[in-house]
Q: 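Questions regarding the structure given below will be posed in turn.
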Amino acid sequence: GKQVPVLLSVSALKNKDNEIYGYLGIAKDVSQRKIMESQAKLASMGEMIGNIAHQWRQPLSAISVIASGIKVKSEFGQLNIKDMLVDMDNITEQTQYLSHTIDDFRNFIKNTDDKNQISILKTIDKALSILNSSIINNNITLILDIKDDLIINGFENQLIQAIINIVNNAKDAVNTKEDIDEK
């Protein structure tokens, strides 16, 4: 009565006249792999939360500075409506950025098994948005040479996860090499 995830391979058995007379199936238990994938995703989510916290500090700091500046100008009678409107636009822009990071995170943690038409370019952008603070903190320079976008039928979150893993593995490899070189 227990369900076990398996990787199933089925081949048709054919006689000498190329007629199918049966099937041969081989199933491999992938329970451990599923557990490891789940743990890897949780680890990525933990790192992503750290990245988001870091990404949020700068816009929150900017909003705080703008609000404090408006308050000080008001207290000294130097509040200019034109400057205040520019400041309000800047606050709006910063809050939209914060909202965008929430959307990226929410979409990433959605566990969907639905294949969809996805843009490779947009998917790379989403992954890099999630990784942005880690890229900055580790002085990573990414060079993207993308000429055309490609639309594929696939699993966007899994592709984002793969991109995140590739960048994180590269970062870890470089950091490990630097540690070895310092010794």
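The figures here come from the full heavy-atom set of this structure, side chains too, leaving out hydrogens, waters and symmetry mates.
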Q: Checking the side chain of D87 only, and the main-chain atoms of I66 only, is there a donor and an acceptor separated by less than 3.5 Å?
A: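 Pair absent, no side-chain N/O of D87 close to backbone of I66.
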Q: Between V4 and S31, what is the shortest heavy-atom contact and its length?
A: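 Closest approach of V4 to S31, heavy atoms only: CG1-OG, 3.6 Å.
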Q: Just how far is it from atom CD1 of I164 to atom CG of N169, taken to the nearest 0.5 Å?
A: 11.5 Å
Q: Quick one: do I118 and I151 satisfy side chain to side chain contact (heavy atoms under 4.5 Å, CB included)? Show the steps, please.
A: CA-CA 5 Å; I118 57 174; I151 306 300; over 6 Å; no
Q: Restricting to side-chain hydrogen bond (donor to acceptor under 3.5 Å, both in side chains), what partner residues turn up for T95, sequence neighbours left out?
A: none
Q: For residues L121 and D148, determine if any side-chain heavy atom of one lies less than 4.5 Å from a side-chain heavy atom of the other.
A: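 They are not in side-chain contact.
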Q: Under 6.0 Å from the CE atom of M36, do we count more than 12 heavy atoms belonging to anything else shown?
A: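 No - once you tally the heavy atoms of other residues, nucleotides and ligands closer than 6.0 Å, there are 12 at most.
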Q: Taking a hydrophobic cluster as the set of Ile, Leu, Val, Met, Phe, Trp and Tyr residues connected by side-chain heavy atoms closer than 4.5 Å, whether directly or through intermediates, do Y23 and V6 fall within one such cluster?
A: no
Q: Heavy-atom distance under 4.5 Å between the side chains of Q39 and I35, does that happen here?
A: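 Contact flag for Q39/I35 side chains = yes.
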Q: Between S38 and K34, is there a donor-acceptor pair closer than 3.5 Å when you use the side chain of the first and the backbone of the second?
A: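 Between the backbone of K34 and the side chain of S38 there is no qualifying donor-acceptor contact (under 3.5 Å).
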Q: Could you measure the distance from the CD1 atom of I163 to the CG atom of L128? Nearest 0.5 Å is fine.
A: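 The CD1 atom of I163 sits 7.0 Å away from the CG atom of L128.
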Q: Could I get the full list of salt bridge (charged side-chain N to carboxylate O under 4.0 Å, His left out) partners for K2, not counting sequence neighbours?
A: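 In terms of salt bridge (charged side-chain N to carboxylate O under 4.0 Å, His left out), with neighbours along the sequence ignored, K2 is linked to no residue.
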Q: Group every Ile, Leu, Val, Met, Phe, Trp and Tyr by side-chain heavy-atom contacts under 4.5 Å, then state whether V10 and L13 land in the same group.
A: no
Q: How far does CG of L98 sit from CD1 of I63, to the nearest 0.5 angstrom?
A: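 The CD1 atom of I63 is 5.5 Å from CG of L98, to the nearest 0.5 Å.
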Q: Any heavy-atom pair between the side chains of I70 and M88 that's under 4.5 Å?
A: yes
Q: What distance separates Q117 CD from N153 CG, expressed to the nearest 0.5 Å?
A: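 Between Q117 CD and N153 CG, I get 5.0 Å after rounding to 0.5 Å.
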Q: Looking at E156 and K126, is there a salt bridge between them, counting it only when a charged N and a carboxylate O are closer than 4.0 Å?
A: yes
Q: Could you pull out all residues at least two apart from R33 that satisfy salt bridge (charged side-chain N to carboxylate O under 4.0 Å, His left out)?
A: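 Here the qualifying residues are E37.
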Q: Roughly how far apart are N90 CG and M84 CE, rounded to 0.5 Å?
A: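 One gets 14.0 Å once the value is rounded to the nearest 0.5 Å.
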Q: Find out if a path of hydrophobic residues (ILVMFWY) with successive side-chain heavy-atom gaps under 4.5 Å connects V65 to W56.
A: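 Unlinked, V65 and W56 end up in two clusters.
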Q: Which residues satisfy the side-chain hydrogen bond (donor to acceptor under 3.5 Å, both in side chains) test with N15, sequence neighbours excluded?
A: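 Once residues adjacent in sequence are excluded, the partners of N15 under the side-chain hydrogen bond (donor to acceptor under 3.5 Å, both in side chains) criterion are E19.
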Q: Tell me whether Y21 shares a hydrophobic cluster with L24, the cluster being built from Ile, Leu, Val, Met, Phe, Trp, Tyr side chains joined at under 4.5 Å.
A: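 As far as the 4.5 Å side-chain criterion goes, L24 and Y21 are connected within one cluster.
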Q: Should L159 and L144 be counted in the same cluster of Ile, Leu, Val, Met, Phe, Trp and Tyr side chains packed under 4.5 Å apart?
A: yes
Q: Run the salt bridge (charged side-chain N to carboxylate O under 4.0 Å, His left out) test against K171 and tell me which residues pass, sequence neighbours left out.
A: E47
Q: Spell out, as yes or no, whether a donor-acceptor pair under 3.5 Å connects the side chain of T123 to the backbone of S119.
A: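 Yes, because the side chain of T123 sits within donor-acceptor range (under 3.5 Å) of the backbone of S119.
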Q: Main chain of K82, side chain of N80: is a donor-acceptor contact present, judged purely on distance under 3.5 Å?
A: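 Such a contact is found between N80 side chain and K82 backbone.
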Q: Please test I26 against L8 for side chain to side chain contact (heavy atoms under 4.5 Å, CB included), starting from the C-alpha separation and ending with a verdict.
A: CA-CA 6 Å; I26 300 173; L8 180 62; over 6 Å; no
Q: If you compare all heavy atoms of P5 against all heavy atoms of D29, which two are closest, and at what distance to 0.1 Å?
A: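 Scanning both residues, the minimum pair turns out to be O-OD1, 3.5 Å.
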Q: T92: what forms a side-chain hydrogen bond (donor to acceptor under 3.5 Å, both in side chains) with it, not counting sequence neighbours?
A: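 side-chain hydrogen bond (donor to acceptor under 3.5 Å, both in side chains) check on T92 returns nothing, list empty.
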